[in-house]
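Below: one structure, written as structure tokens.
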Amino acid sequence: MSAAAPVILVVDDDASIRKSVSRLLRSAGYEVETYAAASELAEQDWGERPRCAILDVELPGSSGLELGRELSAWVDPPPIVYITGHGDIPMGVQAMKEGAVDFLPKPFQADELIGAVDRALARDVVSRGRRRETEQARDLVAALTPREFETLRWVISGHLNKQIGRRLGITEKTVKVHRGRVMRKLEVTSVADLVRLAERAGIPPAAG
Amino acid sequence: MEEPSRPNRSPVRPRVSALAAACALLIGLVWLGEAIDPPHLFFGAPPAPFCWPAAALRSAVVLLVGIPAGILLVRLSGREAEKELAERAEHLHRAQEVASLGSWRLDLAAGELYWSDEVFRLFGVPPGTGLEYSTFIDAVLPEDREYVDRSWREALEGGPYDIEHRILVGGEVKWVRERAEVEFDASGRAVRGTGIVQDITPRKSAEEEAARLQAELDHVTRVATLSEFSSALAHELNQPLAAILSNAQAALRFLDVDPPDLAELREILEDVVRDDQRARDVILKLREMFRKSAGRRAFARLEVNPLVEDVLRIAKGDLAMRRVSLETDLGSGLPSVTGDAVQLRQVLLNLVLNALEAMERTPAPRLSLRTRNGTDGGGVQIEVADTGPGIAPGEESRLFQPFFTTKEHGMGMGLAVSRAIVEAHGGRIGVSGNGDVTGVRFVITLPASGEGP
């Protein structure tokens, strides 16, 4: 498997289900890791590989929904598909409210499961891409000096160099120098890109 | 009523003692008349010598005063005795009132009936009304009259008389307990009956309330057990079914690969066989469970009518709550059957509760229960019929199949289990429309003891 091949985490206490579900997913080209209990599954670094989790709702010890909540607290939370032997509608509604991709009653059709897994993986790719962009933006911003950072905040709030100079107590010329360094360090060429990047990194514009 | 155990003084005794006291007083006064010498006592005159005329005069005065005083005393003590008698009567009356217990006496030779005040009150008859046996039997609830009358006739033949029955007082039903003893003369003829009648309505309502609660509890338990059971069963069957489906669909996908991985396919098919076996085991276990519940646990000789009455008692609360009218026709002289009372009650209760549920939206719900001799080949038939919407033609045979249900939340097990039980008793259960009216009629036929298995 390539480094980017998706990995599916399957948690079910029933050996027959673990085996058959993992077989079905392998037939669709996925790599599968199976776990018999919630306690066996710990966060680890799967690298760049897209992933999702298939959780049985009726797990001994902690319920599937509880395990799902634990997974959501991971740094890289995998999207979740629930499978259930006798789950009811309220339970399904609760699971979907908590962000599950799908809630499948057993026995389910291969297409239903594979479809749900595909959607979960697509969601993972999107959310992971978003997370990666945020991380990159933050890394870039971290390289700025405090004065450059202040300049950035005034620029993205739409102030002119002259106004920024007055606010920071420096000459307009010095502001221009800071501004040029900010653009270079953040690898952007337009103010529009600068604003987008600042937003991604979660930097609030200066007020006033 | 029994005599109070504390010994009472006889009312005659104070009269005697008052008479004795009066005599003693009289003698004392005569003696005093002799001894008292007023001039000597009050004026310091020297004591007068005994003088016959004076003594005679004094005695006469003493007699004149003493005799009326004595008479008065006797009178007074007589009144005391009367008062005590009245008090005792009042005490008895109050005790009867407190215990809601009246006493009666029937002189069979003279045909005279005596009631205590409390009996008048209990039966709602104005005190002083002329009494006859019919005064009593007319107050008894019509349904209970035959039983009460029969019990009394048996008591006259020497049987015990200790019965509980209902009476109708001003449109209100009361429960009473009656006990009596009949006295017989030397020739063995009944001459007198003495008895008590007690109001036991509060106790009876408490018992009915308890029975109602028990029935409700039984119902809830029955429903809860079924729904838990169905959920567990669904899970037990869904696991292997889900595994089989996933395995089979994975195998189809593996077949598309060229060349197919035969080792993988073999493994998959082995797993399918194993999971199928697992599903079969679940069903076998279920069957085993039914067999056990329908097995011959405690077979004994049974009368059918008391079983029906038991079930009606349990369902009484539901009947009243749903305002279902009841029609019973329990045949007499039916042969006894051999079976497990608990199981047969369960079957009947299941049919009755099904009927009640079926009539939830029926404008004039009526439940009828009949017992009679079996039409062919002897035995007993029990019929449970309702006036609900009935069943679609052709559904009769499916009704008894497991998992067939017409109820929203039913599991379709009740009738399947019922049939298993009836058949384990060597009987049959059938269903048909309810004659001219809408609804369903279930008929259970059980073999008479000795005929059956």
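The sequence lines fix the lettering, A, B, ..., with proteins before strands; numbering per chain opens at 1.
Checked against side-chain hydrogen bond (donor to acceptor under 3.5 Å, both in side chains), D276(B) has no partners two or more places apart in sequence or in another chain. Every residue was checked against the side-chain contact (heavy atoms from CB on, under 4.5 Å) condition with A73(A), not counting sequence neighbours, and none meets it.
Atom CZ of R69(A) has more than 12 neighbouring heavy atoms from other residues, nucleotides or ligands inside a 6.0 Å radius.
Closest approach of P78(A) and C52(A) over heavy atoms only: CB-CA, 4.0 Å.
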Show me the side-chain donor-acceptor pairs of residues 253-264 of chain B shorter than 3.5 Å, one per line, residues at least two apart or across chains.
residue	atom	partner	partner atom	Å
D261(B)	OD1	A263(B)	N	3.2
D261(B)	OD1	E264(B)	N	3.1
E264(B)	OE2	R23(A)	NE	3.3

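Across D111(A), V21(A), L24(A), the residue that shares the most heavy-atom pairs under 4.5 angstrom with chain B is L24(A). Interface summary for chain A: among I268(B), L252(B), D275(B), the most heavy-atom pairs under 4.5 angstrom belong to I268(B).
Ring geometry for H159(A) versus W154(A): interplanar angle over 60°, hence perpendicular rather than tilted (30 to 60°).
Interface remark: L104(A) contributes no atoms to any contact with chain B (heavy atom separation under 4.5 Å).
Proximity to chain A at a heavy-atom threshold of 4.5 Å picks out Q239(B), L241(B), A242(B), A243(B), L245(B), S246(B), N247(B), Q249(B), A250(B) from residues 239-251 of chain B, in numerical order.
Using a cutoff of 4.0 Å between basic side-chain nitrogens and carboxylate oxygens, D14(A) and K106(A) are not scored as salt-bridged.
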